[in-house]
Student: 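Supplied in C-alpha coordinates, the structure appears directly below.
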Amino acid sequence: MGETVNQILTIPYELVWRDETPLVVLAEISDDKIHTTFWGTALDKYARRSAILPLDDVVLNGNERKFTGSIHHITRCGSTSLLQQIGALDRVFGLSEPFIFLELLSRPGAETRLAEIRVRKLACLFGSGLAPVADQIVVKWPTLLCRHARLLDKALGDAPSVFLSRNPVEVLRSIEMRPLLQMENLALEYVLGPDFDETPSPLPAGLALVAHMLAANCRWIAQSAKTRRLDYRQLPDIGWQKVAPAFGLSLDDRQTAKMKRSAGVNAKQPGATFVSDSCEKRETASVLAQSLASSILQPAIDEACAQLQPL
(Lines give C-alpha, C1' and ligand atoms only; values in the text may rest on other atoms or scores of the structure.)
Protein backbone atom coordinates (compact mmCIF):
# COMPACT_ATOMS: atom_id res chain seq x y z
CA MET A 1 0.00 0.00 0.00
CA GLY A 2 1.20 3.51 -0.76
CA GLU A 3 1.92 6.14 1.82
CA THR A 4 -0.93 8.38 2.92
CA VAL A 5 -0.56 11.85 1.44
CA ASN A 6 -1.64 14.57 3.84
CA GLN A 7 -3.70 17.45 2.49
CA ILE A 8 -2.92 21.08 3.21
CA LEU A 9 -5.97 23.00 4.35
CA THR A 10 -6.41 26.77 4.26
CA ILE A 11 -8.28 27.82 7.38
CA PRO A 12 -9.28 31.12 9.04
CA TYR A 13 -6.67 31.69 11.74
CA GLU A 14 -7.41 35.06 13.31
CA LEU A 15 -9.27 38.27 12.69
CA VAL A 16 -7.84 41.77 12.84
CA TRP A 17 -9.59 45.08 12.36
CA ARG A 18 -8.46 47.88 10.08
CA ASP A 19 -10.68 50.74 11.16
CA GLU A 20 -14.17 49.22 10.66
CA THR A 21 -13.05 46.53 8.21
CA PRO A 22 -12.50 42.96 9.47
CA LEU A 23 -9.52 41.20 7.90
CA VAL A 24 -9.24 37.42 8.11
CA VAL A 25 -5.75 36.00 8.43
CA LEU A 26 -5.72 32.65 6.63
CA ALA A 27 -3.30 29.89 7.50
CA GLU A 28 -2.24 26.58 6.03
CA ILE A 29 -2.21 23.43 8.14
CA SER A 30 -1.84 19.74 7.37
CA ASP A 31 -5.01 17.72 7.82
CA ASP A 32 -3.26 15.34 10.26
CA LYS A 33 -2.69 18.23 12.71
CA ILE A 34 -6.25 19.51 13.16
CA HIS A 35 -7.10 17.70 16.38
CA THR A 36 -10.75 18.31 17.17
CA THR A 37 -10.33 18.84 20.93
CA PHE A 38 -7.50 21.34 20.73
CA TRP A 39 -8.34 23.36 17.65
CA GLY A 40 -6.74 26.62 18.77
CA THR A 41 -3.64 24.88 20.09
CA ALA A 42 -3.21 22.99 16.83
CA LEU A 43 -3.38 26.21 14.81
CA ASP A 44 -0.92 28.02 17.07
CA LYS A 45 1.54 25.14 16.92
CA TYR A 46 1.30 23.89 13.34
CA ALA A 47 -0.37 26.50 11.12
CA ARG A 48 1.52 28.81 8.81
CA ARG A 49 -0.01 32.17 7.98
CA SER A 50 -0.54 32.39 4.25
CA ALA A 51 -2.80 35.31 3.28
CA ILE A 52 -5.01 38.15 4.49
CA LEU A 53 -8.55 38.47 3.13
CA PRO A 54 -11.06 41.29 3.76
CA LEU A 55 -14.05 39.41 5.14
CA ASP A 56 -16.48 41.63 3.29
CA ASP A 57 -14.97 40.46 -0.02
CA VAL A 58 -16.24 36.90 0.51
CA VAL A 59 -19.14 36.28 -1.88
CA LEU A 60 -22.18 34.34 -0.67
CA ASN A 61 -24.11 32.58 -3.43
CA GLY A 62 -26.58 30.58 -1.34
CA ASN A 63 -24.80 27.29 -1.99
CA GLU A 64 -21.95 27.75 0.48
CA ARG A 65 -21.28 25.10 3.11
CA LYS A 66 -22.94 25.80 6.42
CA PHE A 67 -22.48 24.53 9.94
CA THR A 68 -24.61 21.43 10.51
CA GLY A 69 -25.25 22.25 14.17
CA SER A 70 -23.81 24.14 17.10
CA ILE A 71 -23.17 23.54 20.79
CA HIS A 72 -23.45 26.32 23.37
CA HIS A 73 -22.36 25.44 26.88
CA ILE A 74 -21.84 26.67 30.41
CA THR A 75 -18.17 25.45 30.30
CA ARG A 76 -16.56 22.50 32.10
CA CYS A 77 -19.75 20.58 31.39
CA GLY A 78 -18.81 17.79 28.99
CA SER A 79 -19.12 19.87 25.82
CA THR A 80 -15.66 18.84 24.66
CA SER A 81 -16.58 15.18 25.12
CA LEU A 82 -19.82 15.67 23.20
CA LEU A 83 -17.97 17.35 20.34
CA GLN A 84 -15.40 14.54 20.38
CA GLN A 85 -18.24 12.06 19.84
CA ILE A 86 -19.57 14.07 16.91
CA GLY A 87 -16.10 14.46 15.42
CA ALA A 88 -15.60 10.68 15.48
CA LEU A 89 -18.17 10.29 12.70
CA ASP A 90 -17.07 9.82 9.11
CA ARG A 91 -16.64 13.07 7.18
CA VAL A 92 -17.88 15.15 10.13
CA PHE A 93 -15.60 17.76 11.69
CA GLY A 94 -16.05 19.01 15.24
CA LEU A 95 -14.86 22.62 15.32
CA SER A 96 -13.89 23.41 18.91
CA GLU A 97 -14.24 26.99 20.17
CA PRO A 98 -13.18 29.08 17.16
CA PHE A 99 -12.48 32.33 19.00
CA ILE A 100 -12.27 34.17 15.69
CA PHE A 101 -16.09 34.52 15.85
CA LEU A 102 -15.77 36.19 19.25
CA GLU A 103 -13.18 38.54 17.76
CA LEU A 104 -15.71 39.39 15.07
CA LEU A 105 -18.60 40.04 17.47
CA SER A 106 -16.76 41.67 20.37
CA ARG A 107 -16.87 45.19 18.95
CA PRO A 108 -19.66 47.67 19.80
CA GLY A 109 -22.69 47.44 17.53
CA ALA A 110 -22.20 43.74 16.81
CA GLU A 111 -25.94 42.99 16.84
CA THR A 112 -26.60 44.19 13.30
CA ARG A 113 -27.59 42.75 9.95
CA LEU A 114 -24.05 43.37 8.73
CA ALA A 115 -22.72 41.25 11.60
CA GLU A 116 -25.06 38.40 10.60
CA ILE A 117 -23.72 38.51 7.06
CA ARG A 118 -20.14 38.55 8.30
CA VAL A 119 -20.78 35.52 10.51
CA ARG A 120 -22.13 33.66 7.47
CA LYS A 121 -19.08 34.64 5.44
CA LEU A 122 -16.70 33.49 8.15
CA ALA A 123 -18.58 30.19 8.46
CA CYS A 124 -18.31 29.88 4.68
CA LEU A 125 -14.52 30.19 4.89
CA PHE A 126 -14.43 27.36 7.42
CA GLY A 127 -16.71 25.27 5.23
CA SER A 128 -14.56 25.68 2.15
CA GLY A 129 -11.33 25.28 4.07
CA LEU A 130 -12.41 22.02 5.70
CA ALA A 131 -14.16 20.63 2.60
CA PRO A 132 -11.33 18.21 1.75
CA VAL A 133 -11.81 16.39 5.07
CA ALA A 134 -15.44 17.02 6.05
CA ASP A 135 -18.85 17.21 4.47
CA GLN A 136 -20.47 18.47 7.66
CA ILE A 137 -19.21 20.74 10.45
CA VAL A 138 -20.53 20.94 14.01
CA VAL A 139 -19.21 23.88 15.99
CA LYS A 140 -18.78 24.15 19.74
CA TRP A 141 -18.84 27.88 20.47
CA PRO A 142 -16.74 29.64 23.12
CA THR A 143 -19.01 30.02 26.14
CA LEU A 144 -18.96 33.82 25.83
CA LEU A 145 -20.81 33.56 22.51
CA CYS A 146 -23.96 32.65 24.45
CA ARG A 147 -24.57 36.40 24.55
CA HIS A 148 -24.75 36.43 20.73
CA ALA A 149 -26.92 33.32 20.41
CA ARG A 150 -29.84 35.12 18.77
CA LEU A 151 -27.59 36.69 16.15
CA LEU A 152 -25.96 33.32 15.47
CA ASP A 153 -29.43 31.80 15.09
CA LYS A 154 -30.26 34.32 12.38
CA ALA A 155 -26.90 34.09 10.66
CA LEU A 156 -26.80 30.29 10.48
CA GLY A 157 -30.41 29.81 9.42
CA ASP A 158 -31.88 26.41 10.13
CA ALA A 159 -28.80 24.87 11.75
CA PRO A 160 -29.98 23.41 15.09
CA SER A 161 -28.39 24.45 18.37
CA VAL A 162 -28.11 22.94 21.85
CA PHE A 163 -27.09 24.33 25.25
CA LEU A 164 -25.28 22.00 27.64
CA SER A 165 -25.26 22.76 31.36
CA ARG A 166 -24.06 21.02 34.51
CA ASN A 167 -24.41 21.14 38.28
CA PRO A 168 -22.93 24.58 39.09
CA VAL A 169 -20.96 23.31 42.08
CA GLU A 170 -19.15 20.88 39.78
CA VAL A 171 -18.55 23.63 37.23
CA LEU A 172 -17.08 26.07 39.73
CA ARG A 173 -15.01 23.36 41.44
CA SER A 174 -13.49 22.50 38.07
CA ILE A 175 -12.61 26.17 37.56
CA GLU A 176 -11.10 26.30 41.05
CA MET A 177 -8.86 23.41 40.07
CA ARG A 178 -7.99 24.74 36.60
CA PRO A 179 -8.83 28.46 36.27
CA LEU A 180 -10.14 29.76 32.97
CA LEU A 181 -7.51 31.53 30.92
CA GLN A 182 -7.34 35.33 30.74
CA MET A 183 -10.26 35.89 33.10
CA GLU A 184 -8.43 38.86 34.60
CA ASN A 185 -8.90 40.62 31.25
CA LEU A 186 -12.63 39.95 31.03
CA ALA A 187 -14.57 43.08 30.07
CA LEU A 188 -17.38 44.21 32.37
CA GLU A 189 -19.97 43.67 29.64
CA TYR A 190 -19.47 39.91 29.91
CA VAL A 191 -20.78 39.77 33.49
CA LEU A 192 -23.98 41.56 32.48
CA GLY A 193 -27.09 39.70 31.42
CA PRO A 194 -29.72 40.99 28.97
CA ASP A 195 -30.96 43.36 31.69
CA PHE A 196 -28.10 45.82 32.04
CA ASP A 197 -29.51 47.07 35.35
CA GLU A 198 -28.03 43.93 36.90
CA THR A 199 -24.53 45.41 37.24
CA PRO A 200 -23.14 43.80 40.41
CA SER A 201 -21.80 46.10 43.10
CA PRO A 202 -19.10 45.85 44.21
CA LEU A 203 -17.66 44.46 41.00
CA PRO A 204 -16.80 40.78 41.42
CA ALA A 205 -13.32 39.33 41.11
CA GLY A 206 -11.78 35.87 40.97
CA LEU A 207 -14.23 32.99 41.13
CA ALA A 208 -17.11 35.39 41.77
CA LEU A 209 -16.35 37.11 38.45
CA VAL A 210 -16.53 33.74 36.69
CA ALA A 211 -19.84 32.88 38.37
CA HIS A 212 -21.40 36.18 37.29
CA MET A 213 -20.11 35.72 33.73
CA LEU A 214 -21.52 32.20 33.46
CA ALA A 215 -24.83 33.35 34.96
CA ALA A 216 -25.02 36.10 32.34
CA ASN A 217 -24.35 33.52 29.62
CA CYS A 218 -27.29 31.45 30.86
CA ARG A 219 -29.61 34.44 30.72
CA TRP A 220 -28.44 35.34 27.23
CA ILE A 221 -28.88 31.81 25.87
CA ALA A 222 -32.38 31.72 27.36
CA GLN A 223 -33.37 34.25 24.68
CA SER A 224 -32.58 31.82 21.83
CA ALA A 225 -35.87 30.46 20.57
CA LYS A 226 -34.38 27.55 18.65
CA THR A 227 -31.75 26.31 21.13
CA ARG A 228 -32.59 23.09 22.98
CA ARG A 229 -31.20 22.23 26.39
CA LEU A 230 -29.47 19.16 27.72
CA ASP A 231 -27.61 18.28 30.90
CA TYR A 232 -24.24 16.72 31.66
CA ARG A 233 -25.99 13.82 33.40
CA GLN A 234 -27.50 12.79 30.05
CA LEU A 235 -24.04 12.22 28.56
CA PRO A 236 -22.78 10.23 26.83
CA ASP A 237 -25.89 8.43 25.55
CA ILE A 238 -27.73 11.56 24.43
CA GLY A 239 -24.93 12.18 21.95
CA TRP A 240 -25.93 9.31 19.66
CA GLN A 241 -29.55 9.06 20.79
CA LYS A 242 -30.60 12.67 20.19
CA VAL A 243 -27.82 15.16 19.41
CA ALA A 244 -26.48 13.54 16.25
CA PRO A 245 -29.99 12.94 14.81
CA ALA A 246 -30.99 16.52 15.70
CA PHE A 247 -27.98 17.74 13.71
CA GLY A 248 -29.10 15.68 10.73
CA LEU A 249 -26.28 13.15 11.08
CA SER A 250 -27.32 9.68 9.96
CA LEU A 251 -26.09 6.87 12.19
CA ASP A 252 -25.79 3.18 11.45
CA ASP A 253 -24.43 0.62 13.90
CA ARG A 254 -20.83 1.29 12.88
CA GLN A 255 -21.14 5.04 13.31
CA THR A 256 -22.89 4.68 16.65
CA ALA A 257 -20.11 2.36 17.81
CA LYS A 258 -17.55 5.01 16.87
CA MET A 259 -19.36 7.58 19.00
CA LYS A 260 -19.53 5.18 21.94
CA ARG A 261 -15.82 4.39 21.72
CA SER A 262 -15.03 8.09 21.58
CA ALA A 263 -17.16 8.72 24.67
CA GLY A 264 -14.94 6.35 26.64
CA VAL A 265 -11.85 8.48 26.05
CA ASN A 266 -11.02 11.48 28.23
CA ALA A 267 -11.53 14.42 25.85
CA LYS A 268 -9.04 16.62 27.70
CA GLN A 269 -6.40 13.88 28.05
CA PRO A 270 -6.23 11.91 24.79
CA GLY A 271 -5.34 8.29 25.43
CA ALA A 272 -6.74 8.27 28.97
CA THR A 273 -10.02 6.56 29.87
CA PHE A 274 -12.88 8.82 30.89
CA VAL A 275 -13.88 8.51 34.55
CA SER A 276 -16.71 10.61 36.00
CA ASP A 277 -15.58 13.01 38.73
CA SER A 278 -18.93 14.59 39.61
CA CYS A 279 -19.11 13.25 43.17
CA GLU A 280 -15.51 14.20 43.87
CA LYS A 281 -16.06 17.76 42.63
CA ARG A 282 -19.16 18.25 44.78
CA GLU A 283 -17.40 16.84 47.86
CA THR A 284 -14.24 18.92 47.48
CA ALA A 285 -15.74 22.25 46.34
CA SER A 286 -14.84 25.20 48.55
CA VAL A 287 -17.38 27.04 50.65
CA LEU A 288 -17.06 29.96 48.22
CA ALA A 289 -17.79 27.76 45.20
CA GLN A 290 -20.84 26.27 46.89
CA SER A 291 -22.11 29.71 47.90
CA LEU A 292 -21.66 31.19 44.41
CA ALA A 293 -23.26 28.13 42.85
CA SER A 294 -26.42 28.43 44.93
CA SER A 295 -26.78 32.23 44.98
CA ILE A 296 -25.55 33.26 41.50
CA LEU A 297 -25.27 30.40 39.03
CA GLN A 298 -28.08 27.98 39.90
CA PRO A 299 -30.85 30.63 39.56
CA ALA A 300 -29.53 31.55 36.11
CA ILE A 301 -29.38 27.90 35.02
CA ASP A 302 -32.96 27.45 36.25
CA GLU A 303 -34.01 30.51 34.25
CA ALA A 304 -32.43 29.11 31.08
CA CYS A 305 -33.99 25.71 31.62
CA ALA A 306 -37.40 27.30 32.09
CA GLN A 307 -37.12 29.11 28.75
CA LEU A 308 -35.43 26.47 26.60
CA GLN A 309 -37.19 23.35 25.44
CA PRO A 310 -35.45 20.03 26.17
CA LEU A 311 -33.81 18.22 23.28
Side-chain angles (χ1 to χ4, degrees), residues 37-38 71-85 96-97 140-147 162-188 190-193 198-222 229-239 263-270 272-308 310:
T37 305
F38 304 108
I71 301 169
H72 289 284
H73 56 98
I74 198 171
T75 203
R76 306 293 174 85
C77 57
S79 57
T80 303
S81 177
L82 178 59
L83 189 71
Q84 180 174 261
Q85 290 183 43
S96 181
E97 304 203 4
K140 169 194 159 187
W141 297 117
T143 185
L144 289 174
L145 279 177
C146 284
R147 70 184 293 109
V162 299
F163 173 65
L164 179 58
S165 63
R166 185 178 183 178
N167 181 303
V169 174
E170 297 169 24
V171 172
L172 294 179
R173 175 54 181 159
S174 176
I175 295 169
E176 282 187 318
M177 297 166 64
R178 292 183 295 109
L180 298 175
L181 297 178
Q182 300 183 350
M183 284 304 301
E184 67 277 6
N185 299 321
L186 188 68
L188 174 61
Y190 288 110
V191 304
L192 302 176
E198 296 175 355
T199 308
S201 180
L203 294 178
L207 192 64
L209 177 67
V210 175
H212 278 278
M213 179 267 288
L214 297 180
N217 289 349
C218 291
R219 293 191 167 97
W220 281 110
I221 197 67
R229 59 176 167 85
L230 56 151
D231 186 88
Y232 174 83
R233 292 169 295 181
Q234 297 173 279
L235 296 176
D237 296 34
I238 199 169
V265 177
N266 189 317
K268 298 293 180 65
Q269 300 177 27
T273 301
F274 172 77
V275 178
S276 177
D277 58 0
S278 292
C279 291
E280 179 185 358
K281 281 186 167 65
R282 291 195 300 272
E283 292 171 356
T284 60
S286 69
V287 173
L288 175 61
Q290 294 181 49
S291 175
L292 291 170
S294 62
S295 63
I296 303 298
L297 195 45
Q298 186 65 64
I301 293 174
D302 292 343
E303 187 174 322
C305 289
Q307 294 297 321
L308 302 177

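Just so you know, these numbers use all the heavy atoms, side chains as well, and skip hydrogens, waters and symmetry mates.
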Student: Can you tell me how far the CD1 atom of Ile301 sits from the CD1 atom of Ile296, to the nearest 0.5 Å?
Tutor: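 Between Ile301 CD1 and Ile296 CD1, I get 12.0 Å after rounding to 0.5 Å.
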
Student: Taking side chain as C-beta onward, heavy atoms only, is Pro204 less than 4.5 Å from Met213?
Tutor: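 No, too far: nothing below the 4.5 Å cut-off.
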
Student: Is there a side-chain contact between Pro236 and Phe274 (heavy atoms, below 4.5 Å)?
Tutor: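 No, side chains not in contact.
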
Student: Nearest 0.5 Å, please: how far is CG in Leu230 from OG in Ser165?
Tutor: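 Answer rounded to 0.5 Å: 7.5 Å.
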
Student: Checking salt bridge (charged side-chain N to carboxylate O under 4.0 Å, His left out) between Glu170 and each of Arg233, Lys281, Arg76, Arg282, which is the one that passes?
Tutor: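 Single pass found, and it is Arg282.
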
Student: I need the His212 NE2 to Leu297 CG distance, nearest 0.5 Å.
Tutor: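 If we round to the nearest 0.5 Å, His212:NE2 and Leu297:CG are 10.5 Å apart.
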
Student: Determine the minimum heavy-atom distance between Gln307 and Ala222, stating which atoms define it.
Tutor: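 Smallest heavy-atom distance, with atoms named: CB-O, 3.6 Å.
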
Student: Taking all non-hydrogen atoms of both residues into account, name the closest pair between Ser278 and Arg166 and its distance.
Tutor: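 Heavy atoms of Ser278 and Arg166 come nearest at OG-NH2, 3.3 Å.
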
Student: Among Leu82, Leu83, Leu145, which one satisfies side-chain contact (heavy atoms from CB on, under 4.5 Å) with Lys140?
Tutor: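 Among Leu82, Leu83, Leu145, the one that satisfies the side-chain contact (heavy atoms from CB on, under 4.5 Å) with Lys140 is Leu83.
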
Student: Looking at OH of Tyr190 and CG of Leu214, how far apart are the two atoms once the value is rounded to the nearest 0.5 Å?
Tutor: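 Atom-to-atom, Tyr190:OH and Leu214:CG are 14.0 Å apart.
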
Student: With a 4.5 Å heavy-atom cut-off, do Ser81 and Tyr232 have their side chains touching?
Tutor: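 SC-SC contact between Ser81 and Tyr232 ruled out.
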
Student: Quick check: does any side chain N or O of Ser295 sit under 3.5 Å from a backbone N or O of Ser291, one acting as donor and the other as acceptor?
Tutor: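 Yes, the answer is positive, given that a donor and an acceptor are paired below the 3.5 Å cut-off.
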
Student: Can you see which heavy atom on Ile71 is nearest to which on Ser79, and at what distance?
Tutor: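 In terms of heavy atoms, the two residues are closest at CG2-CB, 4.4 Å.
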
Student: What pair of heavy atoms forms the shortest contact from Ile175 to Leu207, and how long is it?
Tutor: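 So the minimum-distance heavy-atom pair works out to CG2-CD1, 4.0 Å.
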
Student: Quick one: does Thr143's side chain get under 4.5 Å of Leu180's, heavy atoms only?
Tutor: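 Not touching, per the 4.5 Å side-chain cut-off.
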
Student: Any donor and acceptor pair, going by atom type alone, linking the side chain of Gln290 with main-chain N or O of Ala285 inside 3.5 Å?
Tutor: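 Present.
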
Student: Are Asn217 and Thr75 side-chain neighbours, meaning at least one heavy-atom pair lies under 4.5 Å?
Tutor: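 Counting from C-beta outward, Asn217 and Thr75 never come under 4.5 Å.
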
Student: Nearest heavy-atom pair of Ser294 and Pro299: which atoms, and what distance?
Tutor: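 Distance-wise, the nearest heavy atoms are O-CD, 3.4 Å.
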
Student: To the nearest 0.5 angstrom, please state how far the OG1 atom of Thr284 sits from the CZ atom of Arg173.
Tutor: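 Reported value, rounded in 0.5 Å steps: 4.0 Å.
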
Student: Which heavy-atom pair separates Ala300 from Cys218 by the least distance, and what is that distance?
Tutor: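 Shortest heavy-atom contact: O-CB, 3.5 Å.
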
Student: I'd like to know if the side chain of His73 reaches the main chain of Trp141, judged simply by a donor and an acceptor atom lying under 3.5 Å from each other, with no hydrogens or angles considered.
Tutor: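 Answer holds: yes.
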
Student: Nearest 0.5 Å, please: how far is CG in Leu172 from CD1 in Ile74?
Tutor: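 Here the rounded value is 8.0 Å.
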
Student: When you measure from the side chain of Arg219 to the backbone N and O of Gly193, does any donor-acceptor pair fall under 3.5 Å?
Tutor: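 Checking the backbone N and O of Gly193 against the side chain of Arg219, no donor-acceptor pair under 3.5 Å is found.
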
